[in-house]
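Could you have a look at this structure, given as structure tokens, before my questions?
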Amino acid sequence: QRYVDLVVNPEVKQVFAMRAKIISSMRKFLDERGYLEVETPVLQPIYGGASARPFITHHNALDIDLYMRIANELYLKRLIVGGFDGVYEFSKDFRNEGMDKAHNPEFTMLELYVAYKDYEWMMKLVEEMITRVAMEVIGSTKVKFGENEIDFTPPWRRSGMLDLIKDYTGRDLSGKSEDELLKIARQLDVEIQPAFGMGKIIDEIFKERVEPFLIQPTLVTDYPRETSPLAKKHRSKEGLVERFELLANGMELCNAFSELNDPLDQRARFEDQLRLRSRGDEEAQVLDSDFLRALEYGMPPTAGLGVGIDRLTMLLTGQNSIRDVIFFPLMKPEK
């Protein structure tokens, strides 16, 4: 009953006023750099741009099933193919997955794509943007969250995913076979589903044994190729891609790539995802033929970024649950 909450708790109003300021500050930052704010479809004939289960609906006039978007990535990349140098969108996305303090089935993302840039450039932009947002919204780069003070003053810590796993678990996962990874996961008490491939096993170990301990802002770089089917192969590290995530207070805030723009490699990655789907991975991505056709026309080297607006708002306003930064979060209906 948010209407009652707002009446009796003035501090709740302040949280949502700060949320609006966060979005306004980000929009101003991007507009100043000449990037174009755009809108892309919420209803999509093929869902893509992330690894997640979609919500399905039906269009009566065309008699076709459609999907609520899980991401707007593939449409924004089509606009880069079309000749825009930089586009962004604040989008409502929908993922048919579990709910916890950091996940709501309906959530808000900022996605940004800039031509002729890479993930190294995007790391610097993220540092600059979030530092500026923090200064404009709370007047400081230091945020008090529970017992922790989180300091967004750049430069932030940077470290490879495999390096962090080795630092926090003592296990070196580089070059390991799937059987070896499964054995290590069992030794670390990390639950692995039968459908998981090598990359997903590494990712699960990271989420369970490393992520909760990354309190200060950390740019985690160089992810397994298998878990990043839309990211460009790493220029020097075999089996990895040019991807980073920003983590703070044990929570993912941003995800970014040097975007894959080779249509042949992209088709092979989609086919790898289909094989994972055949093993039972319901979150594996699907093949989008029109997106592949767009890449065949030609997409320049591009850097892409996604920022979770709800989670960033949680952090800057000191809220423990995503439900406290969404006016009307999904709840179990009253009987």
Side-chain angles (χ1 to χ4, degrees), residues 35 37-57 65-82 84 86-97 103-115 119 122 199-200 203 223-232 241-246 252-263 265-274 276-277 281-297 299 301-311:
Y35 307 138
E37 184 172 7
V38 299
E39 294 177 295
T40 60
V42 174
L43 292 174
Q44 302 180 349
I46 297 175
Y47 64 94
S51 298
R53 293 172 62 187
F55 289 94
I56 305 172
T57 187
D65 285 340
L66 294 170
Y67 301 93
M68 304 288 283
R69 69 178 168 204
I70 60 173
N72 51 352
E73 175 168 343
L74 303 190
Y75 283 89
L76 292 174
K77 286 181 179 177
R78 286 172 169 91
L79 297 180
I80 297 294
V81 170
F84 289 103
V87 292
Y88 73 92
E89 181 177 14
F90 290 95
S91 62
K92 283 285 189 181
D93 294 339
F94 308 85
R95 297 183 185 176
N96 199 349
E97 57 189 17
H103 293 86
N104 190 68
E106 176 182 351
F107 60 98
T108 304
M109 288 281 289
L110 163 70
E111 290 208 30
L112 166 71
Y113 293 84
V114 183
Y119 81 143
M122 189 63 82
K200 201 78 174 280
D203 191 51
Y223 280 62
R225 176 178 176 273
E226 185 184 70
T227 59
S228 314
L230 297 165
K232 186 171 285 190
V241 295
E242 296 192 350
R243 171 185 176 185
F244 76 85
E245 290 187 347
L246 168 62
E252 177 202 335
L253 298 178
C254 305
N255 188 21
F257 310 148
S258 296
E259 301 293 341
L260 179 54
N261 61 340
D262 178 342
D265 190 0
Q266 186 63 82
R267 179 176 292 276
R269 304 281 195 95
F270 279 150
E271 289 171 351
D272 287 343
Q273 290 290 298
L274 293 178
L276 289 172
R277 181 171 285 273
D281 186 351
E282 294 181 337
E283 294 187 352
Q285 297 191 29
V286 295
L287 191 150
D288 186 333
S289 297
D290 182 69
F291 175 65
L292 291 172
R293 180 168 54 189
L295 292 185
E296 288 169 357
Y297 277 89
M299 185 175 86
T302 298
L305 169 71
V307 182
I309 298 299
D310 309 298
R311 293 182 183 180

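Since we're looking at a predicted model, the values are computed, not measured. Below, all heavy atoms of this structure are taken into account, side chains as well, without hydrogens, waters or symmetry copies.
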Inset, instruction - Report the residues that fulfil side-chain hydrogen bond (donor to acceptor under 3.5 Å, both in side chains) with R95, sequence neighbours left out, ordered by chain and then residue number. - result: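 With sequence neighbours excluded, R95 shows a side-chain hydrogen bond (donor to acceptor under 3.5 Å, both in side chains) to no residue whatsoever.
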
Inset, instruction - Before accepting this row, confirm whether a basic side-chain N of the pair K232/E242 lies closer than 4.0 Å to the acidic partner's carboxylate O. - result: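 No, this pair does not count.
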
Legend entry - Heavy-atom check, side chain of S91 versus side chain of T108, under 4.5 Å: no

Legend entry - Contact check, side chains of Q44 and L74, non-hydrogen atoms, under 4.5 Å: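 No, side chains not in contact.
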
Legend entry - Atom of L230, atom of E73 and distance for their closest heavy-atom approach: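 Closest pair (atom of L230, atom of E73, distance): CD1-OE2, 3.4 Å.
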
Inset, instruction - State whether R69 and E111 are salt-bridged, where the test is any N-O pair (Lys NZ or Arg NE/NH1/NH2 against Asp/Glu carboxylate O) under 4.0 Å. - result: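 Not counted as a salt bridge, because no side-chain N and carboxylate O are separated by less than 4.0 Å.
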
Legend entry - Non-hydrogen atoms of P229 and Q266 that approach each other most closely: O-NE2, 2.9 Å

Legend entry - Residues, nucleotides or ligands: over 12 heavy atoms within 6.0 Å of F84 CZ: no

Inset, instruction - Using the ring of Y75 (Phe, Tyr or Trp, six-membered ring only), decide whether R78 places NZ or CZ under 6.0 Å from its centre and within 45 degrees of its axis. - result: yes

Inset, instruction - Measure the CG-CD distance between D203 and E226 for me, rounded to the nearest 0.5 Å. - result: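 These two atoms lie 10.0 Å from each other.
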
Inset, instruction - Compare all side-chain heavy atoms of K200 with those of L276 and state whether any distance is below 4.5 angstrom. - result: no

Legend entry - Spatial distance of atom CE (M109) from atom OH (Y88) [nearest 0.5 Å]: 15.5 Å

Legend entry - D290 side, atom CG; L295 side, atom CG - distance, nearest 0.5 Å: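 Between D290 CG and L295 CG, I get 10.0 Å after rounding to 0.5 Å.
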
Legend entry - Side-chain ion pair, R269 and D272, N-O less than 4.0 Å: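 Between D272 and R269 there is no salt bridge, as every charged N stays at least 4.0 Å from the carboxylate O atoms.
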
Legend entry - Any L43 side-chain heavy atom under 4.5 Å of M68 side chain: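 Side-chain contact under 4.5 Å: yes.
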
Inset, instruction - Check whether any side-chain heavy atom of Q273 sits under 4.5 Å from a side-chain heavy atom of L287, and report yes or no. - result: no

Inset, instruction - Check whether any side-chain heavy atom of L274 lies under 4.5 Å from a side-chain heavy atom of F270, and answer yes or no. - result: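 No; the side chains remain at least 4.5 Å from each other.
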
Inset, instruction - Using a 4.5 Å cut-off on heavy atoms from C-beta on, say whether the side chain of E37 contacts that of E89. - result: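 Not touching, per the 4.5 Å side-chain cut-off.
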
Inset, instruction - Would you indicate whether the side-chain heavy atoms of E259 and I80 approach each other to under 4.5 Å? - result: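 Contact flag for I80/E259 side chains = no.
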
Inset, instruction - Kindly give the heavy-atom pair with the smallest separation between T302 and A115, and that separation in Å. - result: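 Looking at all heavy atoms of both residues, the closest pair is OG1-CA, 3.9 Å.
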
